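Residues take their numbers from the sequence shown, with the count starting at 1. Values below: all heavy atoms of this structure, side chains included; hydrogens, waters and symmetry mates excluded. Quick caveat: nothing in here was measured; it's all calculated off a predicted structure.
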Amino acid sequence: SLLAIAEETLAEFLSKATGTAVDWVQMVGMKPGPDSIGIIAVSHNCSGVAARACGLVSLEPTKVAEILKDRPSWYRDCRCVDVLQIIPTGNGGTIELIYMQTYAPTTLAAPRDFWILRYTSGLEDGSLVICERSLTQATGGPSGPNAPNFVRAEVLPSGYLIRPCEGGGSMIHIVDHVDLDAWSVPEVLRPLYESPKILAQKMTIAALRHIRQIAHESSGEMPYGGGRQPAVLRTFSQRLSRGFNDAVNGFLDDGWSLMSSDRAEDVTIAINSSPNKLAGSHVNPSQMFTAIGGGVLCAKASMLLQNVPPALLVRFLREHRSEWADPGVDAYSAAALRASPYAVPGLRASGFMGSQVILPLAHTLEHEEFLEVIRLEGHSLCHDEVVLSRDMYLLQLCSGVDENAAGACAQLVFAPIDESFADDAPLLPSGFRVIPLDAKTDAPSATRTLDLASTLEVGPGGTRAPSDASSTSNTRSVLTIAFQFSYENHLRESVAAMARQYVRTVVASVQRVAMAIAPSRPGGQLEMKNPPGSPEAHTLARWIGRSYRFHTGAELLCTESQSADASLKALWQHSDSIMCCSLKAAPVFTFANQAGLDMLETTLIALQDISLEKILDDDGRKALCSEFPKIMQQGFAYLPGGVCVSSMGRPVSYEQAVAWKVLGDDDAPHCLAFMFVNWSFV
């Protein structure tokens, strides 16, 4: 019965590889030509998603087959492939029963697993075929293993047709056809699972590129980077990518567990107290993992970005590290490698980051991925922090920075290394992944948001599901951030607090960068999903400006246009820090403009965790208490200059503060607004 399934799979695969069993459309941006990787096509209106490629490589068919079967070596989303049974067939072929697990690309959806029959056989014309399909109740055959927390996806007849060429080399036809059960993921993420372009980039084109890369390396034309053989450098790339995937997914069987939290967090913290499981047998367990009882902690978050090309964002993050990275955190990570004691840093330590030098190591044939060493030239922050006066090194993998590659995921992953940079050095990768979401022209209109967390509500077990996050915007992408730190047991809580705050700061920096490089649409990126009963951002901006004018007689938002967009833009870009807080016994912030977020060193989402009392010093609290009755009676008050603190504990000075009551359309008090004039970090 298995042979019957195998023969049927072969026939269906061939009809897709060389026929029209699927409605194929040539992929935009993949033009045929002498330098082309091959002819790439994607499915149009078929069940599941499919991609097809055809290309010439200078390796023999058996070598090509061996490479393609080793899926974890070239398919970065593949976690494991277990061949559970090998059955020889009478015609010289083999049937294999395979269980495969793949990583989830973001923190917001479950990973996939597959139960597959793979059939390898020769054809009469000398071609070699490897074809596969999932075994389901419909196909028959034995049932495979099940793993908790994985969603079972299906491989529809797919495979590789490898034809020998006269004079050596092979012509390869690749078909990937899968059904990833898109209905089980939040609607906003569905395009990730319904896009044949993403499938083509991740699997079909990746397989062809990998074979061409190995052919190029084996020809001896490849220069060695840093005196290392290409295979060693390729292993580093795989380890960085795999380590980042492990961090994003946090599998229980790798030793990960979620840190308990008493509320819904925008940043997820996971810990691993047995990180040698992660490191792998080929890695030397350094003192990073054998410190006085300790482990690895990962802080991660996912966001939705609007109108920001993934390639452009990742290129900026790579070239302008000082715009988002914190030298104190880098120093903490570097010190962990040297097993030298170093206190958990207060973020944004008093000092500055030295220059960044990029030292290229290796790149793939088409430059779609490159491996490099980053030297962060250290500057002593102050006399007792000698650790920062040394240079620090990162091994970094950057991919997907070609803006013309449709469906390509852009990624920047890095891990601290020491000067010795040994082949078996342990790596603790952190970084960014930005995946484009195909535009859906028929999607209903909804609030645009910069942060996916603001459109998601936390369900049982910490899993998140969207409330209403579809969008009419043409270009959307999902950004996933994960940062890993080693810790000693007695410092675990401190490291967790530092990591959570650091990821929030990085999120704020990335949002700022995204707004700066996105095409200008006034107010477009500023709206956020507000708590029930609160006004939309445009309305709030109008209320703030109108109430200020009513109470003080002065104009707060000077705009040429009376449009809602103009008021919101003027409020957002106002040079003074403007923020609103609730009229409750313990006031918490509900809104801040860009200067306000900068001053508080936070994000629109994390803002709601900050209370007014937390940021004011004793003098500020006394001044507010004495003026509070006046604010409630007259509607406003001027408060003297002073010092407050950001969410990270940094002192901020301001010349004057103004507080006023914000009134709604019904003239009822809605919230309190504060403006901190001419503020600066002390």
Could you go through the side-chain contact (heavy atoms from CB on, under 4.5 Å) check for L557 and Y548 one step at a time?
-> CA-CA 9 Å; L557 308 174; Y548 185 84; over 6 Å; no
Chi angles and distances behind the side-chain contact (heavy atoms from CB on, under 4.5 Å) call for F674, I615 = CA-CA 12 Å; F674 290 87; I615 72 156; over 6 Å; no
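- Between A499 and L297, the closest heavy-atom pair is CB-CD2, 3.6 Å.
- Inter-residue side-chain proximity for V658 and D576 is flagged as unmet; no heavy-atom pair is nearer than 4.5 Å.
- The closest side-chain heavy-atom distance from P416 to L394 is below 4.5 Å.
- Checking side-chain atoms of S430 against main-chain N and O of Q484 turns up a donor-acceptor pair under 3.5 Å.
- Rounding to the nearest 0.5 Å places NZ of K661 at 14.5 Å from CH2 of W543.
- Taken from CD1 in I481 to CZ in R504, the straight-line distance is 13.0 Å, to the nearest 0.5 Å.
- Rounding to the nearest 0.5 Å gives a distance of 10.0 Å between CG of L192 and CG of L180.
- A distance-only check finds a donor-acceptor pair linking the side chain of R621 to the backbone of E613 [under 3.5 Å].
- The aromatic rings of F432 and F483 sit perpendicular, their planes meeting at an angle over 60°, well past the 30° parallel limit.
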Does the side-chain contact (heavy atoms from CB on, under 4.5 Å) test come out yes or no for D326 and Y502, once each step is laid out?
-> CA-CA 8 Å; D326 186 293; Y502 184 46; 3.4 Å; yes
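- Taking each heavy atom of G664 and R546 in turn, the nearest pair found is O-NH2, 3.0 Å.
- R476 places a side-chain heavy atom less than 4.5 Å from the side chain of V188.
- Aromatic ring pairs are classed by plane angle as parallel below 30°, tilted from 30° to 60° and perpendicular above 60°; the pair Y638 and F636 is perpendicular.
- Without hydrogens or angle criteria, K300 side chain to V248 main chain gives a donor-acceptor distance under 3.5 Å.
- None of T106, N245, T480 except one satisfies the side-chain hydrogen bond (donor to acceptor under 3.5 Å, both in side chains) rule with R433; the exception is N245.
- Counting only heavy atoms from C-beta outward, the side chains of W572 and L597 approach each other to under 4.5 Å.
- Judged by distance alone, with hydrogens and angles left aside, the side-chain atoms of N249 form no donor-acceptor pair with the main-chain N or O of Y103 at under 3.5 Å.
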